[in-house]
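Shown next, in structure tokens, is the structure this report addresses.
The chains referred to below are lettered A, B, ... by the order of the sequence lines, with proteins before strands, and numbering in each begins at 1.
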Protein chains: 2
Amino acid sequence: MSVPDLPTMCAALSDPTRWELLTRLGQGAMSASALARVLPVSRQAIGKHLEVLREVGLVESEQRGREVVYLVVGARLSSLARELDRIGRSWESGLLRIKQLAEQPDQDPPPLP
Amino acid sequence: MSVPDLPTMCAALSDPTRWELLTRLGQGAMSASALARVLPVSRQAIGKHLEVLREVGLVESEQRGREVVYLVVGARLSSLARELDRIGRSWESGLLRIKQLAEQPDQDPPPLP
DNA sequence: GTGATGTGCAACCATCTAGTTGCACACCGA
DNA sequence: TCGGTGTGCAACTAGATGGTTGCACATCAC
């Protein structure tokens with residue numbers, strides 16, 4: 001899996017059903033069929049959701065006997081969080097800089113060389 | 001604006017055009033028309049995107065003369081980041097706990113009262 | 001072996017969404 | 001006063017998406 005860009009990562013997290021899947025998997029690995037038994041969605045739909053999550057690295061799959069169980073990858077979510085925080089801070093500091101400029105009226109104008 | 005849930009916040013961030021808007025606004029407040037001048041998208045489409053971002057609190061709007069300028073709210077993204085990180089960590093610790101349990105075979109079984 | 005269970009793949013459908021165009025109206029400046 | 005610019009609202013379209021059903025096939029347990 002190549003590292004997905006931010007919009008793709010966020011798109012994977014934009015569906016309530018996928019959050020439900022992630023939350024369940026957060027309590028322990030499960031197969032698609034097992035998830036379909038406890039959720040009001042077909043096994044095939046769940047399979048598609050898990051594939052989306054796997055593509056962005058939020059879950060990993062593992063063959064166990066004849067079934068395929070999925071494990072959540074919390075570190076992936078945390079690394080996304082770090083990146084979002086970094087960007088959010090940069091926006092804030094940028095606005096701060098501009099606000100400071102606006103609050104210095106006609107003071108110390110840059111000399112034209 | 002009521003606080004939006006995680007899927008809704010992530011959905012707002014799942015579109016490349018909206019990230020483009022946020023990035024531009026990160027360098028300074030702009031109006032929808034000004035954004036439309038520098039992006040290959042119509043002013044109306046940009047207006048819809050900005051409305052989506054405003055609903056989840058990622059931008060704020062401000063009347064300036066006859067135009068409406070939009071400002072990015074970096075703190076909103078950072079607070080989302082904190083929440084995602086918290087969840088990611090909880091998943092990791094949960095898996096760790098289960099892994100530890102699995103690695104203690106038939107040891108210290110709980111007494112039945 | 002045989003039935004039950006789990007998986008994979010494909011076709012199909014309804015709805016959401018990101019984009020467009022078009023028009024009406026407000027307002028600023030020369 | 002009048003042209004240019006900015007905004008708001010509505011209608012429409014193509015494609016993405018989340019969901020379904022159906023079927024074929026592998027595999028585990030009895």
Expected rows: protein N/O vs nucleotides 14-18 of chain D N/O, under 3.5 Å:
from, atom 1, to, atom 2, distance (Å)
D:dG18, OP1, A:Arg18, NH2, 3.3

Could you list, one pair per line, each protein nitrogen or oxygen that sits under 3.5 Å from a nitrogen or oxygen of nucleotides 4-7 of chain D, together with the distance?
from, atom 1, to, atom 2, distance (Å)
D:dG4, N2, B:Arg66, NH1, 2.6
D:dT5, O2, B:Arg66, NH1, 2.7
D:dG6, OP1, B:Arg37, NH2, 2.7
D:dG6, OP2, B:Arg37, NH2, 3.3
D:dT7, OP1, B:Val68, N, 2.8
D:dT7, OP1, B:Val68, O, 3.3
D:dT7, OP2, B:Ser33, N, 3.3
D:dT7, OP2, B:Ser33, OG, 2.5
D:dT7, O4, B:Arg43, NH2, 3.0

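- The CD atom of A:Glu51 sits 16 Å away from the P atom of D:dG19 (whole-angstrom rounding).
- With sequence neighbours excluded, the residues that form a salt bridge (charged side-chain N to carboxylate O under 4.0 Å, His left out) with A:Arg24 are A:Glu20.
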Which side-chain N or O atoms in residues 36-45 of chain B pair as donor and acceptor under 3.5 Å with protein atoms at least two apart or in another chain?
from, atom 1, to, atom 2, distance (Å)
B:Ser42, OG, B:Ala45, N, 3.2

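- Using a 4.0 Å heavy-atom criterion, one finds that A:Gly65 contacts the sugar-phosphate atoms exclusively.
- By the 4.5 Å heavy-atom criterion applied to side chains, A:Leu13 and B:Leu13 are not counted as neighbours.
- Of the charged side-chain nitrogens involved, at least one lies within less than 4.0 Å of a carboxylate oxygen, so that A:Glu51 and A:Arg54 count as a salt-bridged pair.
- Straight-line distance from the CZ atom of A:Arg54 to the C1' atom of C:dG8: 13 Å, rounded to whole Å.
- Interatomic distance, A:Leu84 CG to A:Leu80 CG, rounded to the nearest 0.5 Å: 4.5 Å.
- Taking CD of A:Glu83 as the reference point, atom CG of B:Leu77 lies at 10.0 Å (rounded to 0.5 Å).
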Side chains of residues 56-75 of chain A: which donor-acceptor partners sit under 3.5 Å, not counting sequence neighbours?
from, atom 1, to, atom 2, distance (Å)
A:Glu62, OE2, A:Arg64, NE, 3.4
A:Glu67, OE1, A:Ser31, OG, 3.4

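- Every side chain to side chain contact (heavy atoms under 4.5 Å, CB included) that A:Arg82 has, sequence neighbours left out, goes to A:Ser78, A:Ser79.
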